[in-house]
Student: 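Sharing a structure here in structure tokens format.
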Amino acid sequence: VQLQASGGGLVQAGGSLRLSCAASGRSFSSYDMGWFRQAPGKEREFVAVISVRGGVENYADSVKGRFTISRDNAKNTVFLQMNSLKPEDTAVYYCAANYLKITTRDYEYDFWGQGTQVTVSS
């Protein structure tokens, strides 16, 4: 699976962004999809994950209630809607694919996209 993340940018605090991750290659609908982020000088951290059919979602406490993960299996795409953005959300955001396992652990993901920069100004 090849993953291509997009949609990052510069936004003011309180604003919104929608990230997209387009997948190509093997069957997208067989993969649970996650979003992670890495801020400068910090380790990569889990943000959200969605199950293969979208019935199960899990979020980091820091984004719960503000971010929403979704997917469109017909378009081989997973989304991350980010609302009420805060400066501490500034990071490079990565999408990742995991074969039939919902997990928050980055080392358990099989494929990774290249990352898209999100910068939230105060």
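Note that the structure is a prediction, hence the values are computed from the model and not measured.
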Student: Do NZ/NE/NH1/NH2 and the carboxylate oxygens of K64 and D61 come within less than 4.0 Å?
Tutor: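 Judged by the 4.0 Å cut-off on N to carboxylate O distance, K64 and D61 do form a salt bridge.
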Student: Is there a side-chain contact between R37 and V63 in this structure, where contact means two heavy atoms from C-beta onward sitting under 4.5 Å apart?
Tutor: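 Yes, side chains in contact.
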Student: Could you tell me whether the side chain of Y109 and the main chain of D32 form a donor-acceptor pair under 3.5 Å?
Tutor: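 Side chain of Y109 to backbone of D32, a donor-acceptor pair under 3.5 Å: no, none is there.
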Student: Let me confirm one number: the CZ-OH distance from F46 to Y59, rounded to the nearest 0.5 Å.
Tutor: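 Reported value, rounded in 0.5 Å steps: 9.0 Å.
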Student: Within the structure provided, determine whether M82 and V118 are in side-chain contact (heavy-atom separation under 4.5 Å).
Tutor: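 M82 reaches V118 side chain to side chain.
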Student: Out of curiosity, does V11 fall in the hydrophobic cluster containing L19 (side-chain heavy atoms, cut-off under 4.5 Å, transitive links)?
Tutor: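 Per the 4.5 Å side-chain linkage, L19 and V11 are co-clustered.
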Student: If two hydrophobic side chains count as joined below 4.5 Å and joins carry through other members, does L100 share a cluster with V1?
Tutor: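 Yes, L100 connects to V1 through the hydrophobic network.
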Student: Please answer whether the main-chain N or O of N73 pairs with a side-chain N or O of R53 as donor and acceptor at a distance below 3.5 Å.
Tutor: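 No, the answer is negative, given that no donor and acceptor are paired below the 3.5 Å cut-off.
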Student: Between T90 and V120, is there a donor-acceptor pair closer than 3.5 Å when you use the side chain of the first and the backbone of the second?
Tutor: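 Such a contact is found between T90 side chain and V120 backbone.
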Student: Working to the nearest 0.5 Å, report the span between CZ of R71 and SG of C95.
Tutor: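 One finds 11.5 Å between CZ of R71 and SG of C95.
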Student: Kindly give the heavy-atom pair with the smallest separation between D89 and R66, and that separation in Å.
Tutor: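 Heavy atoms only, the tightest pair is OD2-NH1, 2.7 Å.
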Student: Which heavy-atom pair separates D72 from F79 by the least distance, and what is that distance?
Tutor: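 Minimum heavy-atom separation between D72 and F79: CB-CE1, 4.1 Å.
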Student: Report the distance from atom OG of S51 to atom NZ of K101, rounding to the nearest 0.5 Å.
Tutor: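 Going from the OG atom of S51 to the NZ atom of K101 covers 15.5 Å.
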Student: Would you say T77's side chain and K75's backbone share a donor-acceptor pair under 3.5 angstrom?
Tutor: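 Side chain of T77 to backbone of K75, a donor-acceptor pair under 3.5 Å: yes, one is there.
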Student: Can you tell me how far apart CG (N58) and CD1 (I102) are? Round to the nearest 0.5 Å.
Tutor: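 Nearest 0.5 Å value for the CG-CD1 distance: 8.0 Å.
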Student: Only one of Y93, Y94, W112 forms a ring-ring contact (aromatic ring centres under 6.0 Å, His included) with F36, so which one is it?
Tutor: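 Single ring-ring contact (aromatic ring centres under 6.0 Å, His included) partner of F36 among Y93, Y94, W112: W112.
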Student: I need the minimum non-hydrogen distance between G7 and T116, along with the two atoms involved.
Tutor: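 Nearest pair, atom of G7 first, then T116: N-OG1, 4.0 Å.
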Student: Specify the closest pair of heavy atoms between P87 and A13, including all atoms of both residues, with the distance to one decimal.
Tutor: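 Shortest heavy-atom separation between P87 and A13 comes out as CD-CB, 4.1 Å.
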Student: What is the distance from atom CD of Q4 to atom CG of N76, rounded to the nearest 0.5 Å?
Tutor: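 It is 14.0 Å, given to the nearest 0.5 Å.
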Student: Would you give the length of the straight line joining atom OG of S122 to atom CD of Q12, rounded to the nearest 0.5 angstrom?
Tutor: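 Answer for the OG-CD pair, S122 versus Q12, is 9.5 Å.
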Student: For S84 and S16, which heavy atoms make the closest approach, and how far apart are they?
Tutor: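 Scanning both residues completely, I find the closest heavy atoms to be N-OG, 4.3 Å.
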Student: Could you tell me whether the side chain of E45 reaches within less than 4.5 Å of the side chain of D106, counting heavy atoms only?
Tutor: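 No, every pair of side-chain atoms sits at 4.5 Å or beyond.
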Student: Would one find more than 12 heavy atoms of other residues, nucleotides or ligands at under 6.0 Å from atom CZ of F111?
Tutor: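 Counting neighbours around CZ of F111, more than 12 heavy atoms of other residues, nucleotides or ligands fall under 6.0 Å, so yes.
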Student: Which heavy atom of S70 sits nearest a heavy atom of I50, and at what distance?
Tutor: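 The answer is CA-CD1, 3.6 Å.
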Student: State which residue, out of N98, V52, V49, L3, fulfils the side-chain contact (heavy atoms from CB on, under 4.5 Å) condition with M33.
Tutor: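 It is L3; the other options fail the test.
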